[in-house]
Every structure is written in structure tokens, then in C-alpha cells.
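Each remark here refers to the structure printed beneath this line.
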Amino acid sequence: MTPASAAPLPKAYRPHAVEGRTYAFWEQGGYFQPHDRDGAPPFTIIMPPPNVTGALHLGHALTTTIEDVLCRWHRMLGEPTLWVPGVDHAGIATQNVVEAALAKEGLSRHDLGRDAFVERVWRWVNETRPRIEEQLRLMGASCDWSRTVFTLDAGPQRAVRTTFVNLFRDGKIYRGHRIINWCPRCQTAISDLEVDYEEERGALWYVRYPWADDGDGGMVIATTRPETIVADVAVAVNPEDERWRDAVGRRVRLPLPGIERELPVIADAAVQIDFGSGALKITPGHDPLDFEIGERHGLEAIRAIDWDGVMSEAAGPYAGLDRDEARRRAVADLEAAGLIVKREEYAHSVGHCQRCNTVVEPLVSDQWFVEMDALAAKAAQVVRDGEVRIVPERFTKVYLQWLENIRPWCISRQLWWGHRIPVWYCLRCDGERITVALKNEEAAGRVSDLLRQGFDEAAIVERADRVQIGEGVTPIVSGESEPEEGCGACGAGTLIQDPDVLDTWFSSGLWPHSTLGWPEQSPDLRRFYPTSVMETGYDIIFFWVARMVMLSCHNMDGVPPFRSIYLHGLVRDAGGRKMSKSLGNAIDPLVAGEQYGMDALRFTLATGSTPGNDMRMTDERLQGSRNFANKLWNGARFVLGELDGARVDRPDPAGATALLPEDRWILSRLHRLAGGVDTLLGDFQLGEAGRQIHDFLWNEFFDWYVEASKVRLRAGDRSPLPVLVHVLDSGLRLLHPYMPFVTEEIWQRLRPHLRDEAAAALIVAPYPRGEARWIDDGAERTFGALQEVVRAIRTVRAEKRVEAGRWVEAYVVADHDATILRDRAAVVEVLARARPLHVVSDRSAAPHEQVVARVLSRGEVVLPLGGLVDLAAERTRLEKEIAESEDRIRRIEGKLASDGFRTKAPAEVIAREQARHEEVQGRLRGLQSRLAELE
RNA sequence: GGGCGAUUAGCUCAGUCGGCCAGAGCGUCCGGUUCACAUCCGGAAGGUCGGAGGUUCAAGUCCUCCAUCGCCCACCA
């Protein structure tokens, strides 16, 4: 850190010269690590780990800013503060990026084989991960880098396996043959949450299914997916539906040519009577509702669409066609057969893969699931009981409703990048049902066949590239990398691991405890769990937040992972659109930081947002924040310049009488602010707190106190220095969480002037608390009167076009406030450029001719302006003000006269109204007598 | 189909136990080279707080309905 005596401060704040150096100073000082102080309870935030896939965007910047503000605040409050940084391996997203890179070389992941592909991803991750961490450093994130975690590190790996095994043994994880969402492009199952539904214009075809025993009639059935007719196994109607009562039990013929199948008509309450014709074709292989109905009625699920979205052998004449082409052909064939009764334009929502936007195909397959009911009940309970608080509160309802309607979570993904499922199968016991493709297409087939071809078991495991597990295979679940004892059933058979990996969110769900060492009972886990706040965007409340609560409660004996959940909104562009690379409207946080300074970016993000609401980011706002940093810099430059090497004591409340009114005023304002900020930050109202700090520093401290202090300083009186230094020091402390760089830089230069300052750095200097003994209503009122006089004179000057530099004589008629105005006349003179200032107690003591007067709330300002006075204009203005005052008095009197008000309003409010009444009355009298003079 | 949010000055937004004449930044207009700062200083104009009811002594704030925009959830064959 540059010593304070170094080069003089440049005229404008230069972020680049400060940020990197200051961050290094903090990091080397070890301030980012938690330090025990008097056994104070710790403050802990686990950072939502950014994906390794890319650069930080403004959403990350917002997260980082809010969490850093909270951490810096709590650190300055003296709490041992821990902010754990981390990075997420981001299964599908990362695999897609690396596969896209491979595709440019004309390769697929299968050309490389699993091991080589995973190695390639690791190489890429090792390049991008440091970049992301570097970006967090540039933002000023005060997180503990000695504890940084990657979701695929050994610790989290172990946490994932342990959780899987425990849930499996509890019967909460199981392998099931069920319908799932399948992305034909990503070639993997995805969970319900990873499907985005988009409204699409399509068609609803009404198709006649002829009776099996009577070719003329039949049932008319509406469908949006004629290509799935090939996989129909039944037709269902509602048991209450009178129209179809006689149909139940009969059979219809599958209407497409080339497939001979009769479909029983069944009754099921899930069928809606008022939709379409009331009859529903049942395709358990390709529709979730049909699958359920099929389960109830023991129907077969035919898979007519294959993993790649192409019709399978089961589709008969349509086999080999793409599903879209198959639809067109099916419609054409139905039309040709005269079986299309009608076609309606129809808008319905179609599921798309969140990652690649491909239309998702519901398919029946073998996947791993988590049974959620018990986990969800617990997660709901801790929120309902208030053990965990959600901010803003309205998201509580959203959270609870989701948990109450939860369904099993499909956690297996047919990817190579991620946490491998800790399950093995025996080649000897199950070799008839396991299919393996070996690397480089040496061979492929069932294990039993490969063994016959001469591959030994070890070679198959070693060279397995793709593995498919058939039905009925017995899983061997193990928390260790491989069960040493081998197959329990046959004793010694070679094992092959389940090829699937887990949904990324499974490992993310363990984050609050896996980062702290679980399943080890580590010192960090004991000390920092449960964490204090989970801060993230409302868009991942289900994906991540709810799952963290569920899995953490399960693993940590029912103790929820955090006390508060703070949800922020999305950052949008100037037009309110979501920022995205493809729209080209995304502001890169690092570019913004480069341009305006990181403090400016942070301040804009922190003060531009309110809890849970989206915000817009514009260059204008960034400029405003940059200007604020510069204002602070220059204000500090002034104070430091005046100090001239002096050391000062803090103002002493016991000696408060030695302080002048403006001193007591600014100190009172400061403590009022500090008290408010304390409350606001405790309630996660970062934006409001930041704005108040901004307004105090600029509009009160710099605009009024600093200007007022110049009166004494120029007269050689150094008595304002302790107040200037103290308020600047406190302001820097208050602002530090928001604008850490510029405040630390200034503070390091201010520190030598602070007598007995114990803190070595602002980042660990105590945060100001509002102290009641400094609150001074009298000083605030009297200085407020002084401000009113100054403003009145300034307004008159501006209206009358008095040259800015010219001094004018002024009279103030004052009664109550005469003392301060007389004592501090010099301040009024300088701020209003009015000299000499005569403070008189009666209007008659001020001149009447050729003057412009302003009636104040108490008293009057009179400026003898000679030829500038326009009597007619004065009269008009006075009449307008009189009318306003009279109107106001009428309203106040109406209120005071009301029985309801006098009997029901609090005494305090009544007193306030009465005082106001008197004040306006006084003002009105002043206005009237002034008008009378002009007549 | 259900739920949530937004609607306040020309623009972007604050306004969280209902209680001064509803605030800020930007923009606009007028005026400023005062030795911290033109990334600045002083002044001004500009709002029936989306609409209609209601509760209350008192409503931008609470309740009901409506309108427009946006979001989330849902097995819309």
C-alpha cells in the first residue's frame, strides 16, 4: 500500500491506479479469512458457484456485489466473516461447450472415448477456472481464497457419493423404468425443471379410430401428435362421460396403415370430458399422462421414437423417419384413408431443452430417481416454522407451493462430464443384460457375447466406451471409488460402473455443507454450519435453493443450511430486456469496471436494485456512480489538504458545548444516518442504505458542512478539523462495503491523521453505529433554519439575475432563530454570497423600499436590490403564495376541527399538526403584511 | 387454469409498522473559470402516485374489482 506521504493526490480519482494494488493489500493482510474475536458468532456466506463455462456476466456481478457488501459489513461489525468462493462444473453446459469445440475439429466425443474426452474437458476447465476467479478478484470480492472449492474436487466428490449411498440405503434413491424428458440433441435425460415450455402454433387433428368389429363407425380422437399413433395401446374416456358409456370395453383399430393393432377402450378419471371429443388416445411410451394411465391399467409402453428423435423399428412403416417427417407422413396417410375428420389451428406449449432449445421427447427409460416427498416436507417445515427466512417474503409462497407439489427427481444424465453415479454391476452375474461398446469400435454387444469373443472381463471394463444397463440388473452401491470386495452375489465377478453421471444440481444441493468439509466432521463444518445467508437470484429458487434445503437437512440431522435466503432480481438492459450475448445488449461487468471503475459498477448494482425486483443497467447510472466516487475523492482531497500533517482527536460528546451549531448538526445527521443504515442493512435493504449514505455525503457533508467549515478555516481557525476528519472517516466506513477501493485508498491516507486508530485497514475498521448521545434535534432544527435562509437568498439572486460573483446586502428578520443566525452570520454570508447580513428581530428594522423579500417558515429575508425590483411581479408572487398558504391552513384546520382526528389520532400527530398550523399562520401573516406594503 | 410482480416527474427508479407541501439520479431551462471537484457549483420548471370503489380521523402505502405490461407454476390429448 502506498504510504500516505507519497505523491499528492491526483485531481480526479483514477480507479486503475488503485484497484489491483488495494486488492493485493487486503489479500496479503489476510483480511479475507475469518478471525475470531471474543467468541463472536461467525457470519458465513457460501458463494453460488459460477459455471466454469464462461465469463462473469452482470448477474454474477450483482451476486458478488451484494454478498461482498454483506460480508464487508459484518466483518466491520467485528464478526468472524467467511465467504467461501467456488466454481461449478456445470455438467451439460460444459460438455456442450467442449463438444462444440471438438465439432470444429470434425470430432465427436465418441471419437475420443470417455477417458480422453473427460481429460480434454479438464484441460479446458483448468484454463477457464482461473479466469473466473481472477474476475471475482477484479470485482473486489473479499472471499477466502484459501477455501475455494470446485464441485468436482475430492471433497465434494465424496460428499456426493456419501449422499447417494445414504439415500439409496434409505430407499429414497432408486432405479426406475419410467417416462422422462429426453433431449434428442444432448442425448440425455433432463429433469422437469430443465424443460422450458414455449407456446407454439400447431394443429389439432381429429382422427377417426374405426371400431375393430365395425369398419364404418368409430371414435373420433383429437391429437397434436399423430406420429405417436403408432405407439398407441388403448383409448381412454372418462367414466362419467355419458357419450362414451357404451364404448368402454369395446375395441378400436389403430388407424395407421401397416400396423395391425386393436386398442381396448378403457375408462380413467384422468381424462377430461370437455376436451376434444372426450376420448384420449393412450401412448404410454411418449406422454407422461398416458404413462400414468398405462401404469394403472397395466398397458405396455411402446417406444416408437428413438434416442435421436428418429422413429424406431416399433414405428413399422415409419421407422427411420425423423419425428417431424413422420408426423407429416402420418397425417398424409390418415387423410388418404379418409380418417381425418377435421383439423383445427391450435396453440399449445411445447417443451424445449433449456440448454439447446431442442424439442424434448418424453421417453420411457431406465433412470435414477430421488423420492422427494419426505425431503420436501422437511424443507417446507423449516421455512414454515421460521427457522429459515426468505427475503422478500413473497417468495415463501412460491417455495412452499413447489415443495407441496413435488414429484420424483430424475438425477441420472447420460453425459460423461460430472459426478459418476457410484453404482457398479457384475459382468458375471448380469453379463446377459449389460451392453457395452468398446473404444475405437473394437467390438460392441452384450457382455456375454464379448466374453465369448475372447475379451476378458478386465479388458471390457478397461476399454468400455458406452455402457447400457438393461432391466433387472442388480446394482452394487458403494461410497468408495469401487467396492473392493467385488460382487456380493457371485463372490468375485468383475464390476463395471454405471455409465451415467448425476444432475449437476445434485452436487450443488450439497454445497452449503460439502464446501465446509462434510462428510468429515471438520472444524469448519462445526464452526460455520449452518451458514448465515444464501444470496442468489430468484430464478433458481427451485433448481438450487429448495434442493439445498432438502439435501442439507437430510445430511445434517435436520439442521437447515442457512438462516436467511435473500433473493435478488435479474439485471436487464436499458430497454428492460434480459441481457444476452445473442441480443448483443449485454454489458460486460469487467468492461464497465474498466470504463467507470469497479466501485462505480458495484455502487450502481447495489443501489439500483430492491430485493427480489429486476433492475435496469444503463451507462447513465454508471456515470452517476463514477461521479460519486470522484466527488468523494475530491472531498477527501480537500480535507487532507487542510490537515497539513496534523493529527486530530475525535470530537468529544462530553465537550459538546465547544462545538458550533454546524458541527453538532452534521454529527447528529451522521449518527442518525448510521442508525438507519444499521437497520436497513440488517433487513437486507442494501439499495436504500446505499442511497442514504450517498445523499448524506454529497448533499449534507460536502454541500453544506464542508462549505460551512471553510468560513472558519479561512479565518485561520482549525476547530472544524476534528469534525471534518471524523465525519469523513465515518462516511468512508459506512460506504466501504459498497465502494471498497476508493474508500480504502482514501482512508489509508487519512489514517495517519487519526489519533489512536487501532485498525490497520478500513476493511477491518469498526463500522459506525448510530449513537443516541449525538442526536441533536435542536441543532438539526436551527441549522435547518440557517439552510432555509441561505436557500431563500440564493433563489432570489437567481430569479433576479444577480451576477453570481456579486455580494449583496441582506436582512434576515428572525425571532426564534436569531441567535444562530447572528452567531453564524459569516456562514450565511459566504454560502449565500450576501454581505453584510443584518439579523434583525422586527420587520420594521429592515428597509421597505426597492427590496425583494422572502417569507420563510419562521421569519423573512429582505434583499435591497434597487433597480432589480419589479413590484408587479412581487405582488403576483406574494398573492400566489398567500393563496397556497390559505389553502393549506384550510386543510389543516379542517383536520384539527374533525372530531375523529382529535379523538383518534395519536397525540404526537395532533401536536405536529398544531405546530404546523401555527407556522403556516405566521408565514401567512408575514406574506399579507408584505403585500400590504406593496399596495 | 392458478399464482406473483410492475404501473409514482420527459426517462430510470426510491418511497417496508398509513401521519409535514410525494423524493433522487438523468434529461430540460436559467446562471456560474470563488484556490476539493466542470466526473463540478447555484437556481428553476415538471407528478389528479394506472382506473373505479371501499376501510380509516388520515391512503402512493391497507382491502375489492378492472386495465395494461411482465414473470412463474400446471398431466392445454
Side-chain angles (χ1 to χ4, degrees), chain A residues 9 11-13 197 199 204 221-225 236 270-272 275-277 279-283 287-293 346-349 392 394-395 397-398 401-402 405 538-539 541-542 569-570 574 576 596 600 607-608 610-616 618 620-621 623-642 680 683 685 687-688 691 694-695 699 702-703 706-707 710 714 791 794-799 801-805 830-833 884 887-888 891-892 895 898-906 908-910 912-913 915-916 919-920:
Chain A
L9 287 91
K11 219 172 154 180
Y13 173 58
Y197 289 90
E199 189 87 336
L204 187 62
I221 297 172
T223 181
T224 54
R225 299 200 64 193
V271 180
Q272 285 178 34
F275 191 96
S277 65
L280 174 63
K281 74 188 201 64
I282 301 299
T283 319
D287 184 277
L289 175 62
D290 295 5
F291 183 81
E292 271 181 36
I293 293 175
Y346 187 66
H348 63 306
S349 48
R394 64 186 150 90
F395 287 109
K397 196 167 160 186
V398 178
Q401 275 174 3
W402 186 74
N405 298 299
Y538 66 72
D539 51 333
I541 184 167
F542 307 139
L570 274 43
Y596 299 103
T607 56
T610 43
N613 292 332
D614 296 353
M615 67 171 291
R616 297 186 195 207
T618 62
E620 288 72 31
R621 296 184 85 131
Q623 271 167 29
S625 301
R626 176 203 58 187
N627 295 354
F628 178 44
N630 190 58
K631 182 72 185 177
L632 186 68
W633 180 257
N634 276 293
R637 224 154 62 89
F638 169 78
V639 174
L640 290 167
E642 294 296 326
L680 288 167
D683 201 27
Q685 305 216 45
E688 186 58 22
R691 283 186 288 273
H694 167 277
D695 292 350
N699 302 331
F702 294 135
D703 284 352
V706 166
E707 293 307 317
K710 288 177 181 172
R714 280 185 198 150
R791 286 199 185 100
R794 283 172 172 173
T795 303
V796 170
R797 292 180 58 117
E799 280 176 359
R801 306 273 187 275
V802 177
E803 293 159 68
V830 168
L831 296 189
R833 215 163 176 80
E884 280 168 6
D887 183 54
R888 196 148 170 241
R891 272 181 291 138
I892 296 175
K895 208 184 254 190
S898 138
D899 283 344
F901 182 73
R902 275 186 288 106
T903 55
K904 292 184 180 168
E908 181 192 314
V909 174
I910 295 173
R912 218 179 319 172
E913 274 318 301
R916 202 168 294 149
E919 187 181 301
V920 184

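By convention in this document, chain letters (A, B, ...) are assigned in the order of the sequence lines, proteins followed by strands, and residues within each chain are numbered from 1.
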### Query
Contact class for A:Arg394 vs. all strands (heavy atom < 4.0 Å): base, sugar-phosphate, or nothing?
sugar-phosphate

### Task
For A:Thr610, report the nucleic acid contact type (base, sugar-phosphate, nothing); a contact means any heavy atom under 4.0 Å.
sugar-phosphate

## Note on the structure
Each base of RNA chain B marked ( ) or [ ] if paired in-strand (Watson-Crick or G-U under 3.5 Å), | if paired to another strand and . if unpaired gives (((((((..((((.....[...)))).(((((.......))))).....(((((..]....))))))))))))....

### Message
Work out how far the C1' atom of B:C66 is from that of B:A6, and round it to whole angstrom.
### Response
16 Å

#### Entry: Atom pair distance, as rounded to whole Å: CZ in A:Arg797 and P in B:C41
18 Å

### Query
Does A:Phe638 have A:Lys710 sitting over its ring (NZ/CZ under 6.0 Å from centre, angle to axis within 45°)?
yes

### Task
Using salt bridge (charged side-chain N to carboxylate O under 4.0 Å, His left out) as the criterion, list what pairs up with A:Glu884, not counting sequence neighbours.
none

### Message
Using the C1' atom as the point on both nucleotides, what is the distance between B:A45 and B:C30, in whole Å?
### Response
10 Å

### Task
Return the value, rounded to whole Å, for the distance between atom CZ of A:Phe275 and atom P of B:A74.
18 Å

### Task
Rounded to the nearest angstrom, tell me the gap between atom CG in A:Asn405 and atom C1' in B:A74.
9 Å

### Task
Describe the nucleic acid contact of A:Val398 in one word from base, sugar-phosphate, nothing, applying a heavy-atom distance below 4.0 Å.
nothing

### Task
Could you tell me whether A:Glu913 and A:Arg916 have a side-chain N and a carboxylate O separated by less than 4.0 Å?
yes

### Message
Among B:U39, B:C26, B:C37, which nucleotide has an atom closest to any side-chain atom of A:Glu620?
### Response
B:C26

### Query
What nucleic acid atoms does A:Arg912 come within less than 4.0 Å of, heavy atoms only: base, sugar-phosphate, or nothing?
sugar-phosphate

### Message
In whole Å, I'd like the distance from the CG atom of A:Leu280 to the C1' atom of B:A77.
### Response
5 Å

### Task
Applying side chain to side chain donor-acceptor pair (under 3.5 Å), name anything that partners A:Asp614, two or more places apart in sequence or on another chain.
A:Tyr538, A:Arg572

### Query
Which value, in whole Å, describes the distance between the C1' atoms of nucleotides B:U8 and B:A77?
46 Å

### Message
Between the base of B:C37 and the side chain of A:Lys631, is one N or O donor paired with an acceptor at under 3.5 angstrom?
### Response
yes

### Task
Give A:Thr618 one of three labels, base, sugar-phosphate or nothing, depending on what nucleic acid heavy atoms sit under 4.0 Å from its own.
nothing

### Task
Not counting sequence neighbours, which residues clear salt bridge (charged side-chain N to carboxylate O under 4.0 Å, His left out) with A:Arg691? List them please.
A:Glu688

### Query
When the P atoms of B:A44 and B:G25 are considered, how many whole Å apart are they?
13 Å

#### Entry: Euclidean distance, atom CZ of residue A:Arg637 to atom P of B:U39 [Å, nearest integer]
13 Å

### Query
Can you find a donor-acceptor N/O pair under 3.5 angstrom joining the side chain of A:Lys710 to the base of B:A36?
yes

### Message
My understanding is that only residues two or more places apart in sequence, or in another chain, count here; which of them pass salt bridge (charged side-chain N to carboxylate O under 4.0 Å, His left out) with A:Asp887?
### Response
A:Arg890, A:Arg891

### Message
Students often get this wrong, so: under 4.0 angstrom with heavy atoms, is A:Ala270 touching a base, only sugar-phosphate, or nothing?
### Response
nothing

### side chain to side chain donor-acceptor pair (under 3.5 Å) partners of A:Glu642, counting only residues at least two apart
none

### Task
Measure from CD on A:Glu688 to P on B:A14 and round the result to the nearest Å.
10 Å

### Task
Could you tell me whether A:Lys895 contacts a base, only the sugar-phosphate backbone, or nothing, with contacts defined as non-hydrogen atoms closer than 4.0 Å?
nothing

### Query
Starting at NZ of A:Lys904 and ending at C1' of B:G18, how long is that distance when rounded to a whole Å?
15 Å

### Task
May I ask you to verify if any side-chain N or O of A:Arg888 is less than 4.0 angstrom from the OP1 or OP2 atom of B:C21?
yes

### Query
When the C1' atoms of B:U48 and B:U7 are considered, how many whole Å apart are they?
16 Å

### Query
So what does A:Glu292 hit on the nucleic acid, given a heavy-atom distance under 4.0 Å: a base, only sugar-phosphate, or nothing?
nothing

### Query
Whole-Å distance between B:C40 P and A:Leu632 CG?
13 Å

### Query
Any donor-acceptor pair under 3.5 Å between the side chain of A:Glu913 and the base of B:A58?
no

### Query
For A:Val802, which contact category applies under a 4.0 Å heavy-atom criterion: base, sugar-phosphate, or nothing?
nothing

### Message
Just to be sure I understand the rule, does A:Asp703 reach a base, reach only the sugar-phosphate, or reach nothing, if contact means heavy atoms closer than 4.0 Å?
### Response
sugar-phosphate

